[in-house]
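Notes for the one structure printed next.
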Amino acid sequence: MSPAPNYEFQEWWNKQRDRNHQFFTNDLLSLQITNPLPLPDPAADKDRSRSARQLSWLCLLRFQQLANCLAFLANASLLLLRTANRRIFSTDSSSDYSASRLYRVIKFFLFLVILLLCVELVAFFKGWHFSPPSVAEAEAAVELVYAKWLEIRADYLAPPLQSLANVCIVLFLVQSVDRVVLILGCFWIKFRKLKPTAAVEYPAGRVEGENVEDYPMVLVQIPMCNEREVYQQSIAAVCIMDWPKERMLVQVLDDSDDVNVQLLIKAEVQKWQHRGVHILYRHRLIRTGYKAGNLKSAMNCDYVKNYEFVAIFDADFQPAPDFLKKTIPHFKGNDDIALVQTRWAFVNKDENLLTRLQNINLSFHFEVEQQVNGVFINFFGFNGTAGVWRIEALEDCGGWLERTTVEDMDIAVRAHLSGWKFVYLNDVKCLCELPESYEAYKKQQHRWHSGPMQLFRLCFFDILRSKVSTGKKANLIFLFFLLRKLILPFYSFTLFCIILPLTMFLPEAQLPAWVVCYVPGIMSVLNILPAPRSFPFVVPYLLFENTMSVTKFNAMISGLFRFGSSYEWIVTKKSGRSSEADLVAYEKESDTFMEATSLLRSSSDSGLEELSKLEATKKSLKTKRNRLYRKELALAFVLLTASVRSLLSAQGIHFYFLLFQGISFLVVGLDLIGEQVS
C-alpha cells in the first residue's frame, strides 16, 4: 500500500510557489520592455542600468542581513552551549537532585514523550496522519502496530486524560474567578478611599515638653542568622527610629553559627549602646526551632512583661524613622487588634529580570490580597516581618511554635481563631531586599509553599473545633489554604507541564486555546496591574510563573505528605543593598548621637578589631557560582519535544506556547535568569 500524499505540505508548497512567482513577475521582472520594437533611448538605458545596480545592491544588502542574523544565532548558540557545558561539569556531584522523587518521574516522562515523538515522526512521513490506517486494512507489521496504538489511545488513554484536563480547567477557572474578585475588591477600596484610620496621631520628631508616658513600651526584635551582609543597616535603621529611647528596647537575636559574624554583630550592638540606645545582644547556645525558636526564646525573658507591643524586622529590613509612630496609633482604642502589618518595598527590584518578576508577584500580594483581606475580613497571613504585634495577643494564642517552617502564618491563624483582628497599612512601607539569584529564590519559594501544607495538616481540626463563624472557617479552609496554597500549584504544574504536552501525543484529548493562551494572558495582565511599570514584562512573567510551578508543586507535595525537605529551613541569601538616600539618612541621624564617628564604622576598639577579622575571612568564604537545575532542564526538553509534535499537526497557539515555555524552562534550568557569577 503506497503512503497517502501529504496534502498539507503540498498546499503549503503551492502557496509558496505562487507567492514567489508573483514576486519575480511583478518586481524583479518589472523592467521588461513593453514596446516590441523600441527606439534607442539613452535615458532608458541609463535608468535600466541604474535599476540593475539597485537590484544588485538590494540583494547584497539582504544577503548581508541574513549573514549577520546567522552569525548572531551561531554566536548565541555557541555561548549557550559553552555556558551549559561549563555548568554541567561544575555541578556538585553530591547534589540530591537526581535522587528526588519528582525528578525521577520527570525523567520517565521525558523518555516517554521522546518515544512517542519517534512514533509520530514515522507516522507523519508514512502519511498516516492524513489517512490513519485501520487494523483490518493494515498490511505491514509497522502499520498494524500503529493502527493498534490509535485504538488504544482513543479508547483507553485519551478519556482519563481528558477527564483530568477538565478537572484542572475547572480549578483554573475557580482560581481565576478568585483573582478577579480580589481585583474588584481592590478597585472598590481605591474608589471609596477605604483605609484604616488611627484614633490618635503622634507628632513627627521630638516635641519639647511632651510626656513620654503617652508612648507605650515597645520591644523591637531583629532575628538573624549569619547575616554578614545586612546586619549593620538593619540595626542602624531600627536604632534611629523616632520613638522615645526610654520607651523602646531593641533585641538583636543572633542565631549565627559563624563566630566571626557573631563578633561583628556584638561590636555593632556595642556601638549603639555607647550612643545611648537601649539595645541588647542575644545568642542561643541551643539553636532549635529556627526563627520560631529564636523568637520564642526572646519572649521568655523576664523584662518582656514590661512591654505592650513587639515589632519584628528581619535582618534585611530597614524601617523608616516614623515606622512606630504610624503603626502603634492603630492599637489605641481598638483592644481587639492583634497585628498591624505594613507593606514591603524593595531596594533592588530593578536589579535583574528575576527581581522584576518577583516585584510583580509581591506587588499583587500586598496591594491586592493583603489589602482586600485586611479591609473586608480583618484577617491575612502575617508576613513574618515589618509588623507590630500586641504581646497580649501573642500570649493568648499560645506564642511562637516550632512545628512548621512558616511560624508567621501559624501564629496568624491561631490568633484569628482566638478572635483577634488584623490591620494592614498599604501606605506604610518598609524597605527590604529581593533574592537576586535563582538558587536563593528557589529555596525561599520551597519553604513558602511547603510550610502552609504542614500547617494545614496540623490545624485543620483546630479550625473545625474553633468558635469562629462558619464563614471564617470556610474562608480559612477553602480560600486561604486549599485554593491559594494547594490548588494553585497543583493545576498550574499538572495542566501546563503534564497534560498539555500529553495532548500533543494523544490528540483525542484536547485543551482549548482559551485555556492555553487567552485566560492565562488576561490573568497575567490583572496580576501586573499593581506594578504598572512592569507591563513590558507581562509575557516573561506568564512563562516564569509556569516555570516556577515545578518548584511550588514539589514543595506543596513535600509539605502535605511530610517528606524530609519540607522541614528544611535555609536562610535566604542577601546582598546587603541599600538605597543611597537611606545611607545618608542613617549617617545624619547617627551624628546626633556621636559627632566624631561615622555610621558605617565601629566606634569601639573591639569593633575595629572584628572588622579587620572580617576582611581576613572574606577570602575563605565559599565561592558563589551558577548551578544547573535538572528538573527544569528535563521539563524543558519535554515541552520542546511536545512542540515538535504540535508543529506536525499545525497547531499554532499550542506550538508557540510549548516552544516559548520550553525555552523558559531551559533558561531557568541553566540558571540564566538571575544573578550571573563569572
Side-chain angles (χ1 to χ4, degrees), residues 3-4 6-8 102 104-138 141-173 490-520 546 549-550 553 631 634-662 665:
N6 190 338
Y7 296 110
E8 184 179 3
L102 183 59
R104 290 197 293 268
V105 172
I106 295 174
K107 280 202 303 184
F108 172 77
F109 187 45
L110 175 60
F111 172 78
L112 179 63
V113 297
I114 292 177
L115 179 63
L116 292 176
L117 178 63
C118 294
V119 172
E120 296 301 329
L121 285 174
V122 172
F124 180 81
F125 288 110
K126 289 284 188 179
W128 296 337
H129 280 186
F130 310 102
S131 57
S134 62
V135 176
E137 299 176 354
V142 176
E143 190 175 3
L144 179 62
V145 170
Y146 187 74
K148 271 293 192 183
W149 162 245
L150 293 181
E151 289 186 357
I152 292 174
R153 81 182 190 188
D155 296 337
Y156 301 104
L157 299 181
L161 181 63
Q162 186 66 62
S163 300
L164 180 60
N166 293 338
V167 170
C168 289
I169 290 173
V170 171
L171 296 178
F172 177 40
L173 294 178
F490 170 77
Y491 86 74
S492 58
F493 174 74
T494 307
L495 189 62
F496 297 110
C497 299
I498 301 297
I499 295 177
L500 178 59
L502 279 179
T503 57
M504 298 298 102
F505 300 98
L506 305 176
E508 293 82 3
Q510 296 182 353
L511 280 182
W514 57 268
V515 174
V516 177
C517 180
Y518 302 132
V519 175
N546 290 334
S549 65
V550 60
F553 176 82
K631 287 195 289 287
L635 279 171
F637 293 120
V638 167
L639 294 170
L640 292 175
T641 303
S643 70
V644 175
R645 175 64 183 89
S646 176
L647 184 62
L648 298 180
S649 301
Q651 295 177 323
I653 291 180
H654 295 73
F655 165 73
Y656 288 116
F657 181 86
L658 288 167
L659 176 64
F660 290 116
Q661 191 64 69
F665 269 101

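Bear in mind the structure is a predicted one, so any value in this text is a computation, not a measurement.
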(request) Find out whether L150 and W128 are in side-chain contact, i.e. whether some heavy atom of one side chain is under 4.5 Å from a heavy atom of the other. (result) no
(request) May I ask you to test the C168-F490 pair for a side-chain heavy-atom distance under 4.5 Å? (result) yes
(message) Would you compute the distance between atom CD of Q510 and atom CE of M504 and round it to the nearest 0.5 angstrom?
(response) 8.5 Å
(request) Step by step, work out the side chain to side chain contact (heavy atoms under 4.5 Å, CB included) result for V550 and F665. (result) CA-CA 10 Å; V550 60; F665 269 101; 4.1 Å; yes
(request) With rounding to the nearest 0.5 Å, note down the distance linking CH2 in W149 to CG in L506. (result) 5.5 Å
(request) Mind checking the CG-OH spacing from L173 to Y491? Nearest 0.5 Å is all I need. (result) 9.0 Å
(message) Can you tell me which residue among T641, V119, L112 is in a side chain to side chain contact (heavy atoms under 4.5 Å, CB included) with F505?
(response) T641
(message) Which heavy atom of P520 sits nearest to which heavy atom of W514, and what is that distance?
(response) CD-O, 3.7 Å
(request) State whether the side chain of S163 and the backbone N or O of P159 hold a donor-acceptor pair below 3.5 Å, judged by distance alone. (result) yes
(request) Report the C-alpha separation of F657 and L511 in whole Å, then their side-chain angles, then the decisive distance to 0.1 Å, and conclude whether the side chain to side chain contact (heavy atoms under 4.5 Å, CB included) test is met. (result) CA-CA 12 Å; F657 181 86; L511 280 182; over 6 Å; no
(request) Could you check if a side-chain atom of L161 sits within less than 4.5 angstrom of a side-chain atom of L157, using non-hydrogen atoms only? (result) no
(request) Describe, in one word, how the ring planes of F496 and F172 are oriented to each other, choosing from parallel (under 30°), tilted (30 to 60°) and perpendicular (over 60°). (result) perpendicular
(message) Taking CZ in F109 as the centre, count heavy atoms belonging to other residues, nucleotides or ligands within less than 6.0 Å. Is the count above 12?
(response) yes
(request) For L639 and G662, work out which heavy atoms get closest and say how close. (result) CB-CA, 3.9 Å
(message) Using every non-hydrogen atom in the two residues, find where Q162 and E508 come nearest and quote the distance to one decimal.
(response) OE1-O, 4.1 Å
(request) Taking the side chain as every heavy atom from C-beta outward, state whether L495 and V515 have any atom pair closer than 4.5 Å. (result) yes
(request) Enter the distance from I114:CD1 to L640:CG here, rounded to the nearest 0.5 Å. (result) 10.5 Å
(message) Minimum heavy-atom separation for H654 and L500, please, with both atom names.
(response) CD2-CD1, 3.8 Å
(message) Please give me the minimum heavy-atom distance between P507 and R645, naming the atom from each residue.
(response) CG-NH2, 4.4 Å
(request) Dump the intermediate steps for side chain to side chain contact (heavy atoms under 4.5 Å, CB included) on V516 and L658, then the final yes or no. (result) CA-CA 10 Å; V516 177; L658 288 167; over 6 Å; no
(request) For residues C497 and N546, report the shortest heavy-atom separation together with the two atoms involved. (result) SG-O, 4.1 Å
(request) Could you walk me through whether S492 and F553 pass side chain to side chain contact (heavy atoms under 4.5 Å, CB included), step by step? (result) CA-CA 8 Å; S492 58; F553 176 82; over 6 Å; no
(request) Measure the spacing between CG of L647 and CZ of F124 and express it to the nearest 0.5 Å. (result) 8.5 Å
